[in-house]
Amino acid sequence: MNRIEIIEKIEKNRIASSEELAYLLETITDEELEFLRKKAQKTALAHFSNKIFIRGLIEFSSFCKNDCFYCGLRRSNKNAVRYRLSKEQILSCCKSGYGLGFRTFVLQSGEDMYFTDEALCDIVEKIKSLYPDCAVTLSVGERSKESYKRLFDAGADRYLLRHETADDEHYSTLHPSEMSLKNRKECLYNLKEIGFQTGAGFMVGSPHQTYENLAQDLLFLHELQPQMCGIGPFIPHKDTPFAKEKSGSVRLTLALLSLVRLMLPNVLLPATTALGTADGKGREKGILHGANVVMPNLSPTEHRTDYSLYDNKICTGDEAAECIKCLSGRMQSIGYKIVTDRGDYTEK
Ligand code: SAH
């Protein structure tokens with residue numbers, strides 16, 4: 001089967017074999033990528049028209065008990081500046097975000113055990129009582145099924161937990177031995193079973209990644225059927241073991257966004273900050289390749305640079321109001337518009 005036939009097969013069946021996917025990713029030409037992009041854009045337009053959902057990202061703690069080799073928040077990074085927002089500070093981010101039109105708040109942090117189930121449930125309940133028309137998304141890493149259930153019962157609607165890579169061996173080159181892909185996947189299945197709109201995802205071009213690994217990522221997404229999917233290029237952080245590694249390719253990230261759009265037509269798919277960091281027009285390109293979500297930062301500006309996952313992260317100096325203005329303009333420039341809908345996952 002040639003590459004155009006593989007793309008057509010994916011559009012029709014929403015799946016291809018691991019070999020076909022790896023071959024397509026490794027050898028796709030610019031013309032074929034444009035063919036794929038158009039199909040992905042058409043699919044996104046059919047489901048969301050030219051509307052782009054926004055999520056207000058609140059990075060509420062930079063403490064982390066994990067030691068992932070790629071991440072600037074890893075516990076071994078002694079240069080990392082650690083901070084934690086108080087409940088009041090988080091609520092104040094929500095307040096200004098609400099005023100700016102945000103109807104989804106994404107609470108993201110390192111794995112910070114200071115935030116017990118009680119503490120997190122209290123924050124979620126408070127946000128949901130103050131803003132009953134808003135969705136709360138959590139992105140706080142691996143926890144027990146009981147913990148996830150408590151957070152869901154407290155009112156959290158969605159949960160983001162990228163699987164990072166769906167290959168066991170590759171996973172072990174990115175993480176210390178106390179972490180496992182098995183546990184990560186179990187967390188994702190638990191989240192889905194509990195009823196969260198669940199997001200998986202992976203980095204593109206992380207060290208040691210092969211095209212076969214990326215094919216595995218796509219097959220895992222097909223199996224999990226997540227409601228959301230976060231994909232961004234790997235970008236090195238100077239104080240990690242991967243400081244000297246190369247960044248992931250923007251072109252390959254865009255191809256993967258398009259493939260995910262064809263495989264999961266109604267998935268909520270962000271054009272990520274990492275993509276915008278790797279390429280000045282990365283987020284616009286992401287939307288044109290099938291993404292339908294952007295996630296501007298609502299974190300207090302005084303802590304922005306301290307939530308440092310990778311080097312040169314964009315938008316660390318801007319107030320939320322400036323970010324949304326800038327993004328609105330960027331989306332308009334390519335014929336799209338930011339909307340204030342909650343932007344829940346829908347089957348149709
Ligand atoms: N502790 C939470 C949030 C992690 S940060 C969790 O475990 O889910 C969110 C995402 O940033 C990670 O899942 C990872 O895919 C991405 N990330 C981390 N370091 C990165 C880097 N150096 N380059 C690009 N993306 C990175």
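Atoms within each ligand, like the ligands themselves, are counted from 1 in listed order.
- Each salt bridge (charged side-chain N to carboxylate O under 4.0 Å, His left out) pair with one or both residues in residues 233-254, not counting sequence neighbours, appears once here: Asp30-Arg251.
- Defined by atom type and a distance below 3.5 Å, a donor-acceptor pair is present between the side-chain atoms of His175 and Tyr70.
- Salt bridge absent: Asp112 and Lys65 never bring a charged side-chain N and a carboxylate O closer than 4.0 Å.
- Residue Met113 shares its hydrophobic cluster (ILVMFWY side chains chained together at separations under 4.5 Å) with no other residue.
- For a heavy-atom separation below 4.0 Å, the residues in contact with ligand 1 are Tyr70, Cys71, Gln108, Ser109, Gly110, Ser139, Gly141, Leu161, Arg162, Glu164, Arg184, Met203, Pro233, Phe234, Ile235, Leu309, Tyr310.
- Leu160 forms part of a hydrophobic cluster together with Phe48, Phe53, Leu57, Val106, Met228, Leu268, Val293, Met295, Val339, Tyr345, judged by ILVMFWY side-chain heavy-atom separations under 4.5 Å.
- We find that Lys38 and Glu34 are joined by a salt bridge, their nearest charged nitrogen and carboxylate oxygen being less than 4.0 Å apart.
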